[in-house]
Structures are given as structure tokens and as C-alpha cells.
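Below: the structure, in C-alpha cells.
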Amino acid sequence: MARWRPRLVLLCGLPGAGKTTVARRLEQELSAVRLSPDEWLAGLGLDLFDGDARERVEQRLWQHAQALLGSGAVVIMENGFWERSERDEKRLQARAVGAAVELRYLQVPIEELERRIALRNQEPGSGVLTAELLRSCQEQFQPPTQDELDLFDAPLL
Ligand SMILES: Nc1ncnc2c1ncn2[C@@H]1O[C@H](COP(=O)(O)OP(=O)(O)OP(=O)(O)O)[C@@H](O)[C@H]1O
Ligand SMILES: [Mg+2]
């Protein structure tokens, strides 16, 4: 049945864009498995700003995602996917195991991101992200073009 077709949902956007918020909602609505590098790093007692640890966790989660897709699951990844090459790689590898692939780009003005992050920084237990670091993230970010978005499957919901 079509509803058992595996599907990968990639949430793309800068810090504060709302990836985790959307991913949690979709997790319920699509009966999906959500894979959050931040939550795995925290759960393993690792530093969220340790780039090497993040790289290793993201690679391991991607292997896990491919196994889940092979079992017919809907998998949501909220890594941010700032680089076009990462998004190409995920799309092509997921399609190779027969999965549909969605790219959801959460485009939010920088002033709004700053406002949200300043609020979140005040919450106990949340990692603190400075406005300066947010700006440097913005410089590295490669926004998807319409041509790229057209390469993905239409969202289910
Ligand atoms: N549509 C929205 N309007 C206003 N506030 C929002 C919206 N979506 C999320 N937020 C708030 O903005 C903050 C950041 O949201 P969220 O944690 O979902 O972003 P994120 O993209 O996962 O960020 P990060 O990359 O840092 O994990 C949270 O406090 C959240 O409640
Ligand atoms: Mg998040």
C-alpha cells in the first residue's frame, strides 16, 4: 500500500528557524521517527558545540536513517542541512533505497531568528547561542533555490 512507502523529510534552516518545532509536529502527524543530532549529543553527554562529535553522531544517525527507510519508515531529520552538497547526498541516497524525499526549507528573517534565540537563551537547560554566532551561521548557509526544491517530492502534509 502506498502509505507504507518510505519517506525522508529533511528540515533545512538556520538556528531558531523552527526545525525542531515542525519536526515534533510532523513526528506525530506522520507516525514518523525523528532523528535530532542535538538530542543525541545531549543524551550521550557530549558538547553541542563539539564539531567532531557532531559529525560522528550525524554520520551514525544517517546510517540509522537509511536502515529505517529500508524498513519502510518515515524518517525526519532536523540537522539544518546548510549545504547543497549535504542535501544532494541525502536525496540521492534515500531515493536509491526507494524512499520519497521532502525538503522543507524554513525561511525566517534574521531579526526574527535573533528575537527567538534571545528568548530561548533565557530558558534553563538550553545551549546559549550568541547573535554573533548566528550571523556567522548565516554566512555559511546555502539557501535552497527553487530549482533545487523542485528536485524533491511534494510534502505529504
Ligand atoms: N513559527 C514560529 N513563530 C514563533 N516562534 C517560533 C516559531 N517556531 C518556533 N518558534 C520558537 O523559536 C525557538 C526556536 O525554535 P526551534 O527550537 O524549533 O528552532 P530550531 O530550528 O530547531 O533551532 P536550532 O537549530 O537551534 O535547533 C523556540 O523557542 C520556538 O518555540
Ligand atoms: Mg532544533
Side-chain angles (χ1 to χ4, degrees), residues 7-66 68-69 73-91 93-94 99-146 148-149 151-157:
R7 176 169 287 254
L8 176 67
V9 180
L10 303 176
L11 289 165
C12 171
L14 285 164
K19 299 178 298 295
T20 301
T21 304
V22 171
R24 287 204 170 117
R25 175 172 59 77
L26 290 175
E27 181 180 26
Q28 302 294 321
E29 292 175 355
L30 299 172
S31 299
V33 180
R34 183 174 61 91
L35 299 177
S36 160
D38 283 351
E39 288 169 23
W40 281 70
L41 282 160
L44 291 165
L46 298 167
D47 177 1
L48 294 181
F49 294 97
D50 178 342
D52 181 55
R54 179 173 293 273
E55 178 72 17
R56 284 186 286 128
V57 164
E58 286 186 357
Q59 280 183 17
R60 191 64 194 85
L61 287 180
W62 177 233
Q63 289 168 2
H64 188 40
Q66 289 173 96
L68 289 165
L69 293 171
V74 179
V75 177
I76 303 172
M77 302 191 80
E78 46 172 278
N79 306 26
F81 301 107
W82 296 356
E83 292 179 19
R84 167 81 194 242
S85 61
E86 284 181 275
R87 302 188 294 260
D88 284 342
E89 177 195 84
K90 301 292 179 285
R91 189 184 71 254
Q93 291 187 19
V101 192
E102 293 178 21
L103 178 63
R104 295 191 182 222
Y105 172 33
L106 303 176
Q107 189 174 12
V108 179
I110 190 82
E111 297 76 19
E112 171 65 7
L113 295 177
E114 283 173 358
R115 189 191 70 80
R116 291 183 193 177
I117 284 168
L119 281 175
R120 193 177 60 180
N121 283 345
Q122 292 168 18
E123 290 171 16
S126 73
V128 170
L129 188 76
T130 62
E132 189 184 29
L133 190 54
L134 179 63
R135 296 268 169 183
S136 96
C137 297
Q138 191 190 28
E139 282 166 20
Q140 292 171 55
F141 185 67
Q142 298 173 345
T145 61
Q146 189 58 50
E148 183 188 351
L149 290 166
L151 297 172
F152 288 82
D153 292 276
L156 267 187
L157 293 173

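Hydrogens, waters and symmetry mates are skipped; everything else that's a heavy atom, side chains included, is used. First listed ligand is number 1; within each ligand, the first listed atom is number 1.
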* Protein heavy-atom partner closest to atom 20 (P) of ligand 1 - residue, atom, separation in Å -> Lys19 N, 3.5 Å
* To do: For Arg120, take its heavy atoms, then give the atoms of ligand 1 lying under 4.0 Å from any of them.
  => 14 (C), 17 (O), 23 (O), 24 (P), 26 (O), 27 (O)
* Sub-3.5 Å N/O-N/O distance, Thr20 and ligand 1 -> yes
* Distance filter under 4.0 Å to Gly16 heavy atoms, resulting ligand 1 atoms -> 14 (C), 19 (O), 20 (P), 21 (O), 23 (O), 24 (P), 25 (O), 26 (O)
* To do: Starting from atom 19 (O) of ligand 1, find the nearest protein heavy-atom neighbour and note its residue, name and distance.
  => Gly18 N, 3.1 Å
* Asked: Hey, is CD on Glu132 packed in by over 12 heavy atoms from elsewhere, all under 6.0 Å?
  -> no
* Can you pull out the closest protein heavy atom to atom 30 (C) of ligand 1? Residue, atom name and distance to 0.1 Å, please. => Thr21 OG1, 3.9 Å
* Mind checking the NZ-CG spacing from Lys90 to Leu103? Nearest 0.5 Å is all I need. => 12.5 Å
* Asked: How about Thr20: does one of its N, O or S atoms come closer than 2.8 Å to the Mg ion (ligand 2)?
  -> yes
* Asked: Charged N to carboxylate O below 4.0 Å: is that the case for Asp38 and Arg54?
  -> yes
* **Per-atom contacts, ligand 1 versus Leu14 - under 4.0 Å to a heavy atom** => 21 (O)
* Asked: Which heavy atom of the protein is the closest neighbour of atom 5 (N) of ligand 1, given with residue, atom name and distance?
  -> Arg116 NE, 3.5 Å
* Asked: Is it true that Ala17 lies under 4.0 Å from ligand 1, counting heavy atoms only?
  -> yes
* Asked: Where do Glu114 and Leu134 land on the side chain to side chain contact (heavy atoms under 4.5 Å, CB included) test, with the steps shown first?
  -> CA-CA 8 Å; Glu114 283 173 358; Leu134 179 63; 3.6 Å; yes
* **Leu129/Phe49 under side chain to side chain contact (heavy atoms under 4.5 Å, CB included): CA gap, chis, key distance, verdict** => CA-CA 10 Å; Leu129 188 76; Phe49 294 97; 4.2 Å; yes
* Donor on one side chain, acceptor on other, Gln59 and Arg56, under 3.5 Å -> no
* Asked: Does atom CD of Gln140 have more than 12 heavy-atom neighbours, drawn from other residues, nucleotides or ligands, at distances under 6.0 Å?
  -> yes
* Between Glu112 and Arg116, is there a salt bridge with N-O shorter than 4.0 Å? -> yes
* Close-contact set for ligand 1 against Asp38 heavy atoms, below 4.0 Å -> 27 (O)
* Asked: Within less than 4.0 angstrom of ligand 1, does Gly80 place any heavy atom?
  -> no
